[in-house]
Colleague: 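Submitted below is the structure of interest, expressed as C-alpha cells.
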Amino acid sequence: MKEGLQIEELEQEIDKLRQKNADLKKQAFDYEKHISNLEKKLYQYKGVIYSSSALITFLKGPDYIIEFANRPILKVWGKGDRIEGKALFDVLPELREQGIETYLNQVFYKGIPYHAQGLPIEHEVDGKLIRSYFDFSYTPQYDAEKNIIGIGVIAQDVTNRELLNDQVRKREKEFSELIDFMPHKISLANPEGEPVFFNKSWQDYTGKPMEELIQEKWWSAIHPDQLDKAQNEVNEALSRVKDLDMELLIKDREGEYKWHLYRTIPVLDDKGSLSTWISSSTEIQKLKEVEQGKESFLKLVSHELKTPVTSIKGYVQLLLKMIRDKNGETDIPVQPYLGRIEDQIERLIVLISEMLDLSRIETNEMKMQREEFQLNEQVENIVQEVSDTHSDIEIVLNHEASCLVEADRNRVGQVLINFLTNAYKYSPEEKNVEVKIHKYNDDFAAVTVSDKGIGIRERDRRNIFKRFYRVESKNENTYSGFGIGLYLSKEIIERHNGKIILESEYGKGSEFTFTLPLKS
Ligand code: ADP
C-alpha cells in the first residue's frame, strides 16, 4: 500500500518536471525569438545610423573610444574606416587644440549636453587642415544603472549654409557702408511708412542720431508751407503703393531749410507684397538758387521786353494798315515782309507772356478770370486760329459732347494752343492731328489732342511737366522751345481742379488730354 503510494507520488513528480521542462523550452524559444527580434531591430537601427546623412558616432568611456562611426563622419574625419576601437584624440589629435575635449569632458563628467550651431572645426585631411562648419549635439549615454558610459555625437555639416551666410553678412556690411558713405540721404520705412533706418548723411544733416530720427515724426523736418501737400502726396503713394517724387524744403541741424529732391519707391518681395519703402533725398539747394537766379533774370528781361515788343507790333500793324489802305501800291513790295515780321513778333509775345506767367506762378500771382462758356466754341476758335497760322497742319475736330464750363477762357485756350503747337512741332512727318471734346468720368469735360508724331518714352512722361524740362534726344536742337509750355498748362488746369492725362507710344504718337469740371 505504501509502495503504491510512493510510485504514484513519483509519477506526479515526473509529470511536474515534464511540464516544467516544456515551459522552459517554450521560454527558451521565446527568448530566442526575442533576441532574434532585437538583433533584427539592432540591424535596422544600425542601417538607419549608417545610411543617415547626419554625422553620427558613439564615444565610449573617459578615453572617448570610437565605438562606431557612420560613413559621413568617417568621410569628414578623413582618416579611413579602420578607426573603430581607437581613442578619438589618437585618431584626430587636431581636435584637441580646438577645444573639443573641454566640450566632451563637460558632457562626460557633468552630464550636461552640449549643442552648437555653425561651429567651425578644422580636420586634417592628407596633411592639410580643412575648415568645415557644423551644427551638432553631444549627449551623455547611460547604462541600466544610470552611469554615464559614453557620449552620443550627432552632427550636420552646414559648411555651404555658413559660407552663404558669411557672404550675405559681407554684402550687408558693404551695402551699409556704401549707404553711409553716400552723400544722398537714404532712409527705409516699413510697409506702413514708419521709418526704420536713416543713413549717416541724414544723421549728419539733421544732427540727430538714428533712434531720434526714427522716433520723430518724419514731417517734423519739412517746411510748414509744404506740409499739407507733402502729407497728401505721401498718403496717396502709401495707399496706392506707387513711386513718389517731389521737391521739399528740409530743415538742417542749424534750423535752416534747404531744397531737396525727395524720391521714394516701394520694394516688393518675391510674392509681390510690399516689404519696404526706400527713400532718397538729394540736396538741390545750389541748383534751386541757380534756377531762381535764372527766373529773376527772365522776369526782368521779359518785363523790359514787353513794352518795346508790343509797340513794335503796333507800328507794324499800323504800317500794314497804311499799305492796305493804299491797296498795296508802294514802290517797294514790303507787305509780305511786314506780315512775316508780325508773325515773328507774335511768337516773341507768346514767349514773353510765358516767361511772365512763370514768375507769376512763383510769386503766386497767376489769377484765373473765371466765366461760364461753351468749351466747344472756344476749342473751335483755337483750332481755326492754329490752322490759319500753320498752313501744313491738318486738324480733325470731333464734338463727342457739348460741354459747358466755368473757367478762364483765355487760359484754357492757351493750354489748347500749347497742345496743338506741340502736336505740330513733334510730328516731323505726318502733321495729322485729331481734337476730341468729350466727357470724362461724368462730371468732367475733356479735350484730347492726338498726334502721330515722335511719341514720348515712359521715363520722360512724368518729367515733361516740370519747368525747363525738354526730352533729350539727338534731335533735341531740331525742335525749338524752352520746356515751359506743359508746365504752365499743368498749373492752369490744376488751378481749375482739372488734370492732364498723357498717353503715348514712343515712335508712334502722343495723346494729351485736359479735363475741367463740368458746369451743371
Ligand atoms: P517745349 O515744347 O517748349 O520744349 P513743353 O513744355 O511744351 O516745352 O514740352 C516739354 C517737352 O515735352 C518737349 O520738349 C518735348 O520733348 C515733349 N513733348 C511735348 N509734347 C509732345 C508731343 N506731342 N510729342 C512728343 N513730345 C512732346
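Just follow the structure's listing: the first ligand is 1, and inside any ligand the first atom is 1. Scope of the values below: all heavy atoms of this structure, side chains included, with no hydrogens, waters or symmetry mates.
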Colleague: Mark yes when over 12 heavy atoms from residues, nucleotides or ligands other than K321 sit less than 6.0 Å from its NZ; otherwise mark no.
Modeller: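 No, NZ of K321 has 12 or fewer neighbouring heavy atoms, counting only those of other groups under 6.0 Å.
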
Colleague: As an exercise, identify every atom of ligand 1 less than 4.0 angstrom from a heavy atom of N418.
Modeller: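 Once the distances to N418 are compared, the set is 7 (O).
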
Colleague: What part of D460, side chain, backbone, both or neither, has a heavy atom within less than 4.0 angstrom of ligand 1?
Modeller: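 The answer is neither.
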
Colleague: When you compare ligand 1 with Y469, is there at least one nitrogen or oxygen pair between them that comes in under 3.5 angstrom?
Modeller: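 It does not: no N or O of Y469 is found under 3.5 Å from an N or O of ligand 1.
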
Colleague: Report, in ascending order of atom number, the atoms of ligand 1 lying under 4.0 Å from any heavy atom of K425.
Modeller: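 Within the 4.0 Å cut-off of K425, ligand 1 contributes 1 (P), 2 (O), 3 (O).
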
Colleague: Counting heavy atoms not belonging to E458, are there more than 12 under 6.0 Å from its CD?
Modeller: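 Not buried by this count: 12 neighbours or fewer within 6.0 Å.
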
Colleague: Under the ring pair (Phe, Tyr, Trp, His ring centres under 6.0 Å) test, which residues partner Y205, sequence neighbours left out?
Modeller: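 In terms of ring pair (Phe, Tyr, Trp, His ring centres under 6.0 Å), with neighbours along the sequence ignored, Y205 is linked to H260.
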
Colleague: I'd like to check the ring pair (Phe, Tyr, Trp, His ring centres under 6.0 Å) partners of Y257; sequence neighbours left out, ordered by chain and number.
Modeller: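 Here the qualifying residues are H223.
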
Colleague: Tell me whether R169 at atom CZ has more than 12 heavy atoms from other residues, nucleotides or ligands lying less than 6.0 Å away.
Modeller: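 Result for CZ/R169: enclosed.
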
Colleague: Does atom CZ of R263 have more than 12 heavy-atom neighbours, drawn from other residues, nucleotides or ligands, at distances under 6.0 Å?
Modeller: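 No - once you tally the heavy atoms of other residues, nucleotides and ligands closer than 6.0 Å, there are 12 at most.
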
Colleague: Quick check on contacts: which atoms of ligand 1 are under 4.0 angstrom from a heavy atom of G455?
Modeller: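 In order of number, 25 (C).
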
Colleague: Hey, which atoms in ligand 1 end up nearer than 4.0 Å to a heavy atom of R470?
Modeller: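 Checking each atom against R470, I get 1 (P), 4 (O), 14 (O).
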
Colleague: When you measure from the heavy atoms of G483 to every atom of ligand 1, does any distance fall below 4.0 Å?
Modeller: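 Per 4.0 Å heavy-atom rule, G483 contacts ligand 1.
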
Colleague: Does an N or O from G485, backbone or side chain, lie closer than 3.5 Å to an N or O of ligand 1?
Modeller: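 Yes, at least one N or O pair falls under 3.5 Å.
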
Colleague: Could you tell me whether ligand 1 has any atom less than 4.0 Å away from a heavy atom of F419?
Modeller: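 Per 4.0 Å heavy-atom rule, F419 does not contact ligand 1.
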
Colleague: Number the atoms of ligand 1 from 1 as they appear, then name those within less than 4.0 Å of a heavy atom of I484, with their elements.
Modeller: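 Here the atoms of ligand 1 in question are 6 (O), 8 (O).
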
Colleague: Mind listing the closest non-hydrogen atom pair of N199 and H184 along with its distance?
Modeller: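 Closest approach of N199 to H184: ND2-O, 3.0 Å.
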
Colleague: Does the distance from a Lys or Arg side-chain N to an Asp or Glu carboxylate O, for D408 and K367, drop under 4.0 Å?
Modeller: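 K367 and D408: not salt-bridged.
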
Colleague: Would you kindly specify which portion of I456 sits under 4.0 Å from ligand 1, judged on non-hydrogen atoms: side chain, backbone, both or neither?
Modeller: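 The side chain, only.
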
